[in-house]
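What follows is one structure encoded as structure tokens, with my remarks underneath.
Heavy-atom basis, side chains included; hydrogens, waters and symmetry copies ignored. A note on names: the letters A, B, ... follow the listed sequences, proteins ahead of strands, and every chain is numbered from 1.
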Amino acid sequence: MNTKSLRFKIVDAVYIAMMILPIVFGIVLQVLTDPATEGITITGAKIFFEIPMPLQNFVITESQVNSAIALIVILFFCLFITHGISEKIELKRQHFAEMIVEKVDNLVEENMGSYFSAYSPFIIAIMALSAVSSLLSLFGLFAPTSDINIVAGWAILVFILITYYKMKCGPLYYLKGFTEPVAFLTPLNVIGEIATPISMAFRHYGNVLSGSVISALLCSALAGLSAKLLGWLPGFLADMPLLQVGIPAVLSIYLDIFSGCLQAFIFAMLTMLYIAGGFPAEEYEKRKARKRAKNKN
Amino acid sequence: MELAIGIILGCCALGAGLAMIAGIGPGIGEGNAVAKACEAIGRQPESKGSVTTTMLMGCAVAETTGLYALVIAILLIFVAPNLLVDLLVETIKAL
């Protein structure tokens, strides 16, 4: 195993720094723009500034900035683990990169079938974006996934993909699908179609938001409790909410880490199942075979 | 005026509480799902991985109705009072 050259090390350091700097930037921005408040407040994303537009003002919010932070972190993490990749494995990180690629390939192959095998980059991208966005709350930043606008954007993207694959056999076949199994169920089918992106968005958003609300409530409760219980301590110790140290972290393991990763997995899983389920594979094969037969004649 | 604002706040809180009754359904449903998954793992320990994955998926889907209720409750607590009080103040000013 040959040692790393100096240039290699410098590039590595730049990648690692670029993974940490956006988060530091986010924390600094949060500290600078947070209004001083007494006690606990639960608010939505802050609006940094607005750009006047004809129909509606274009707003730049905290959640957009934070999801951009998540994107930069993921980009440089990917560059870092694929840096120095070679046919003969020299670095440990290459094993990690290969493990991720293999796992995702297997998952997509298992759930979507071989026709959709090119979908693994999209699936892992949406999974990583969702997971990193939720995990940003560990640094005290506003998690972009607890804003409905961000998650609804992903859900609409997935809905467009589902509709595209449902239309693979032509729009007429797609419209005919609404009248199955009986014609008078058409309105219900249309509602069910629209409910798909709404339920996907609300599921992810509701889980992350409920986690953050519960942590905020617990923090304020602990502050009150420590003021009551430890108020007899001398000096500045009486004013410090000592019970807030460490105890919320236990809950955060479930609410932030487990729930965030689970929701990312579920969002990606549902994406796969909906896209693969919407694609009429048998009909598509039939039409393809018919076309091929026609071309031969 | 104070009475009207008090009624608005109280009704918003009551509505949020009533909306969260919907939490019963997902609780029972997920409990059933986990019970069945435990049975399945007990019968076939080697299929633990796939059973767990499927169970988590099912739980997430079953949770959706509860989350709708949660979103409505959060809107009622954090968004609706401000809107309604502003509306009340504007109406009274207009009179």
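Crowding of B:Leu95 atom CG: a count of heavy atoms from other residues, nucleotides or ligands under 6.0 Å exceeding 12. Heavy-atom neighbours of A:Phe48 CZ from other residues, nucleotides or ligands within 6.0 Å: above the threshold of 12. In the displayed structure, B:Glu46 atom CD is contacted under 6.0 Å by more than 12 heavy atoms of other residues, nucleotides or ligands. Counting non-hydrogen atoms of neighbouring residues, nucleotides and ligands closer than 6.0 angstrom, the OH atom of A:Tyr115 exceeds 12 such neighbours.
Neither the backbone nor the side chain of B:Thr65 has a heavy atom closer than 4.5 Å to any heavy atom of chain A. Using a 4.5 Å cut-off between heavy atoms, B:Ile77 makes no contact with chain A at all. At a 4.5 Å heavy-atom cutoff, B:Val79 makes no contact with chain A through either its backbone or its side chain. Residue A:Ile148 does not touch chain B at all, counting heavy-atom pairs closer than 4.5 Å.
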Report task. Take B:Val61 and A:Leu270, measure what side chain to side chain contact (heavy atoms under 4.5 Å, CB included) needs, and give me the verdict at the end. Result -> CA-CA 9 Å; B:Val61 175; A:Leu270 285 176; 4.3 Å; yes
Requested in this report: Take B:Val71 and A:Tyr205 through the test side chain to side chain contact (heavy atoms under 4.5 Å, CB included) and record every step on the way to the result.
Outcome: CA-CA 9 Å; B:Val71 169; A:Tyr205 152 80; 3.7 Å; yes
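For the atom pair CZ of B:Phe78 and CG of A:Leu209, the computed distance is 8.0 Å after rounding to the nearest 0.5 Å. Here B:Thr53 contributes atom OG1 and A:Phe265 contributes atom CZ; the two are 5.5 Å apart, rounded to the nearest 0.5 Å. Annotation: the span from A:Ser210 atom OG to B:Glu63 atom CD amounts to 8.0 Å, rounded to 0.5 Å. Taking CG from B:Leu70 and CG from A:Asn207, the interatomic distance works out to 8.5 Å, rounded to the nearest 0.5 Å. In this structure, OG1 on B:Thr64 lies 3.5 Å from CZ on A:Arg203, to the nearest 0.5 angstrom.
Between B:Leu67 and A:Gly206, the shortest heavy-atom contact is CD2-C, 3.7 Å.
Two residues are said to be in side-chain contact when any heavy atoms from C-beta on lie closer than 4.5 Å; B:Leu56 and A:Met269 fail this criterion.
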